[in-house]
2 protein chains.
Amino acid sequence: MLWSMSTRWLDPEERAAWLRFAAVMELLPGALDAQLRRDAGLSHFDYFVLAMLSEAPEHTLRMTALAQKTNATLPRLSHVVNKLEGRGLVERFPCPEDGRATNARLTDRGWDLVVETAPGHVETVRHLVLDGLSRTQVRQLARISDAMLARLDPEGRMQALINPDASPSVD
Amino acid sequence: MLWSMSTRWLDPEERAAWLRFAAVMELLPGALDAQLRRDAGLSHFDYFVLAMLSEAPEHTLRMTALAQKTNATLPRLSHVVNKLEGRGLVERFPCPEDGRATNARLTDRGWDLVVETAPGHVETVRHLVLDGLSRTQVRQLARISDAMLARLDPEGRMQALINPDASPSVD
DNA sequence: ACCCAAAAGTTGTTCCTTCAACCAATGTCC
DNA sequence: GGACATTGGTTGAAGGAACAACTTTTGGGT
């Protein structure tokens, strides 16, 4: 910002909202991660990967598709799937239609783990986020988040998630 | 959750709110980090450390106090302050009152950097978060965040920030 | 005075993420 | 139908964060 346009600082209401919201963003991810790590030995990202697979047809997705749904880079996903494969939660096999592509599929063990883990995770989300809000506030939060998403993700890559689907998924 | 109490799943409204909110939490930190890294060569955490010092009397804080304000562990803070000290943005000196303690103080260069950087950062926060919201929604966001904070941080360690104070700070 | 527990920081190790380089398969354009 | 760019994915090394172990200083108890 070289051309120093006298900054519009935050007024008290804006500042109050931003500071609180920033504090939530600081604390909530760690809290969710801690619960999953404790109860299932999974990072939040690990769990999310499994959850996305659990929602997919055949419990299978191409790596690229999975990366988009989880908002991850391909290298990151590759490493994580390596780890999950080592634990027998996921298996990889070449995609029949495209020789370049790889499919990731949830194993039975992986599915079982998601099914075991989802209830506790939902309970945590409820406890930390939703239960403190009124019905009205839940609706307000949805609209506010939508407004932010319009700025953060104009292309709507993450919108895939915001549709109806299968059972455990939950995230 | 062994005692398997048939889980209260999220209803459509709750699910809609949570998915959108989770997407925001996924994207926003990275966006803020990217802007600061590009314009000032600082991670968001780095910037936050400097900002907290810039608000403190004498631009000085004990490591422990700084760690609380930034929600960091002491080891993490120690490493980061090492780096910032190497760049001449912060200096450390033993605390006169307590031989165990160390004080961290913002240098002149550090102060200058915060002053240069703050406007662009505020502009980014405005653009990504606040400008998309109505005045009413800004107030709603503050109240909603407060409700979550009551669950996430019952002790209110981060509440220190939610008070009025000096100029550049901004975060 | 002395001992022992707790507090304040630092250092080192490990794990995770990101970045860059790389390989293989596909598709395209003369 | 052969060269070249593109897509899909993996791998290895480098930078950051969490956790554990280790000093040093303080303070309380006897």
Side-chain angles (χ1 to χ4, degrees), chain A residues 25-27 29-38 40-50 53 60-87 89-105 157, chain B residues 25-27 29-34 36-38 41-50 53 60-87 89-105 157:
Chain A
M25 288 204 316
E26 182 71 31
L27 297 175
L32 295 177
D33 211 74
Q35 179 262 322
L36 284 168
R37 221 173 266 281
R38 178 166 46 75
L42 295 171
S43 73
H44 181 73
F45 183 72
D46 294 340
Y47 174 76
F48 201 68
V49 167
L50 299 182
L53 285 175
T60 302
L61 283 173
R62 305 253 282 247
M63 291 294 283
T64 302
L66 189 51
Q68 287 194 197
K69 280 193 197 284
T70 57
N71 190 39
T73 61
L74 219 28
R76 179 183 183 190
L77 182 63
S78 184
H79 281 133
V80 169
V81 170
N82 261 337
K83 192 184 58 179
L84 296 176
E85 196 171 24
R87 291 177 56 180
L89 303 174
V90 168
E91 54 193 358
R92 261 187 291 207
F93 60 97
C95 174
E97 294 94 355
D98 186 335
R100 298 167 293 182
T102 306
N103 281 334
R105 178 169 49 208
R157 290 178 318 158
Chain B
M25 287 204 316
E26 182 70 30
L27 296 175
L32 295 177
D33 210 73
L36 285 168
R37 219 174 269 281
R38 178 167 46 76
L42 295 172
S43 73
H44 182 73
F45 183 72
D46 294 340
Y47 173 76
F48 201 69
V49 167
L50 299 181
L53 286 175
T60 302
L61 284 172
R62 304 254 284 246
M63 292 293 283
T64 303
L66 189 52
Q68 287 194 195
K69 281 194 196 284
T70 57
N71 189 39
T73 60
L74 218 28
R76 179 183 182 189
L77 182 63
S78 184
H79 281 130
V80 169
V81 170
N82 259 337
K83 191 184 59 178
L84 296 175
E85 195 170 26
R87 292 178 55 181
L89 303 173
V90 167
E91 55 193 359
R92 263 186 290 207
F93 59 97
C95 175
E97 292 94 355
D98 187 334
R100 298 168 295 181
T102 305
N103 282 334
R105 179 169 49 207
R157 289 179 316 158

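As the structure is a computational prediction, the values presented were derived from the model and not from experiment.
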Could you list the residues that satisfy side-chain contact (heavy atoms from CB on, under 4.5 Å) with B/S43, not counting sequence neighbours? B/D33, B/R37, B/F45, B/D46
Just the endpoints, please: which first and last nucleotides of DNA chain C, 5' to 3', lie under 4.0 Å from a heavy atom of chain B? C/dA7 to C/dG12
State, with a plain yes or no, whether a side-chain heavy atom of [X] is found less than 4.5 Å away from one of [Y].
X     : Y      : value
B/L61 : B/N103 : no
A/L32 : A/Y47  : no
B/K83 : B/L89  : no

At what distance, to the nearest 0.5 angstrom, does CG of A/L66 lie from OG1 of A/T60? 10.5 Å
Under the salt bridge (Lys or Arg N to Asp or Glu O under 4.0 Å) test, residues paired with A/R92 that sit two or more places apart: A/E85
With sequence neighbours excluded, residues passing side-chain hydrogen bond (donor to acceptor under 3.5 Å, both in side chains) with B/R105: B/E91
N/O to N/O distances under 3.5 Å, protein versus nucleotides 5-8 of chain D:
from	atom 1	to	atom 2	distance (Å)
D/dT7	O2	A/R100	NH1	3.2

Considering all heavy atoms, the nearest A/G41-A/R87 contact: O-NH1, 3.0 Å
Are there any protein N/O atoms within less than 3.5 Å of an N/O atom in nucleotides 16-22 of chain D, and if so, which ones and at what distance?
from	atom 1	to	atom 2	distance (Å)
D/dA17	OP1	B/R76	NH2	3.4

Contacts under 3.5 angstrom, residues 73-81 of chain A side chains, donor-acceptor by atom type, not counting sequence neighbours:
from	atom 1	to	atom 2	distance (Å)
A/T73	OG1	A/R76	N	3.3
A/H79	ND1	A/P75	O	3.4

Classify the angle between the aromatic ring planes of B/H44 and B/F48 as parallel (below 30°), tilted (30 to 60°) or perpendicular (above 60°). parallel
